[in-house]
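Below, all heavy atoms of this structure are taken into account, side chains as well, without hydrogens, waters or symmetry copies.
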Amino acid sequence: MLYLWIAVFGVIGIFARYGVIGLIPRAEVGFPWGTFMVNVSGSFLVGLIARMSGGSAAVSPEVRIGLLVGLCGGYTTFSTYSFETVRLVQEGAWMKAGAYAAGSVLAGVIATVAGIAAGSRIL
């Protein structure tokens with residue numbers, strides 16, 4: 001049953017990522033805002049889900065893992081983030097690559113903390 005939850009939520013995460021990236025057009029400046037927003041919102045989501053479902057009788061361990069691994073894993077785009085960072089470097093856009101790499105990590109960590117805090121307030 002665990003693998004089914006991971007697969008179902010993974011498919012949802014994949015389509016959510018595709019939808020979010022499609023909503024944010026690639027800016028003229030060439031900065032990958034869609035991937036950036038998916039990574040930041042995914043970091044918030046993983047923090048929120050972890051806090052809200054941890055130790056909760058309302059969410060089974062299988063569903064919790066399905067949400068964290070399937071949904072968040074399918075939704076976030078670290079491999080795309082890595083590829084886009086390398087592509088920016090290859091294009092000679094060193095400043096953009098640095099801002100994107102550092103900004104994604106920093107914003108992701110802040111969003112995860114914010115998700116945990118939001119989960120704590122809701123509980």
Arg64 to Ala50 - nearest heavy-atom pair and separation = NH2-O, 3.2 Å
Shared ILVMFWY cluster between Leu4 and Val59, side chains joined below 4.5 angstrom?
-> yes
In this structure, CH2 of Trp5 is separated from CG of Leu67 (nearest 0.5 Å) by 8.5 Å
CD/Glu62 to CD1/Ile6 distance, rounded to the nearest 0.5 angstrom?
-> 10.0 Å
Would you say Val8 and Val46 are hydrophobically clustered, going by side-chain heavy atoms of ILVMFWY under 4.5 Å?
-> yes
By side chain to side chain donor-acceptor pair (under 3.5 Å), which residues pair with Arg17, not counting sequence neighbours?
-> none
Listed by chain and number, what are the side chain to side chain donor-acceptor pair (under 3.5 Å) partners of Ser43, not counting sequence neighbours?
-> none
From CD (Glu91) to CD (Glu84), nearest 0.5 Å = 10.0 Å
Heavy-atom nearest pair, Leu88 first then Ala97, reads CB-CB, 3.8 Å
In short, Val40 meets Ala111 closest at the heavy-atom pair O-CB, 3.2 Å
Does any non-hydrogen side-chain atom of Thr35 lie less than 4.5 Å from one of Ser104?
-> no
Hey, could you give me the CZ/NZ distance between Arg87 and Lys96, rounded to the nearest 0.5 Å?
-> 9.5 Å
Rounded to the nearest 0.5 Å, the OG1 atom of Thr85 sits from the CZ atom of Phe78 at a distance of 8.0 Å
Mind listing the closest non-hydrogen atom pair of Ser120 and Arg51 along with its distance?
-> OG-NE, 2.8 Å
Under a single-linkage definition using a 4.5 Å side-chain heavy-atom cutoff for Ile, Leu, Val, Met, Phe, Trp and Tyr, are Phe36 and Tyr81 assigned to the same hydrophobic cluster?
-> yes
Flag yes if Trp94 and Tyr100 sit in one hydrophobic cluster, no otherwise; membership is Ile, Leu, Val, Met, Phe, Trp, Tyr, and two members link when side-chain heavy atoms are under 4.5 Å apart.
-> no
Straight-line distance of Leu45 CG to Met52 CE, nearest 0.5 Å | 11.5 Å
Side-chain donor-acceptor contacts of residues 68-77 below 3.5 Å, not counting sequence neighbours, with atom names and distances?
residue	atom	partner	partner atom	Å
Tyr75	OH	Ser41	OG	2.6
Thr76	OG1	Cys72	O	2.8
Thr77	OG1	Asn39	OD1	3.0

Establish whether Phe44 and Val38 are linked, either directly or via other cluster members, by ILVMFWY side-chain heavy-atom contacts under 4.5 Å.
-> no
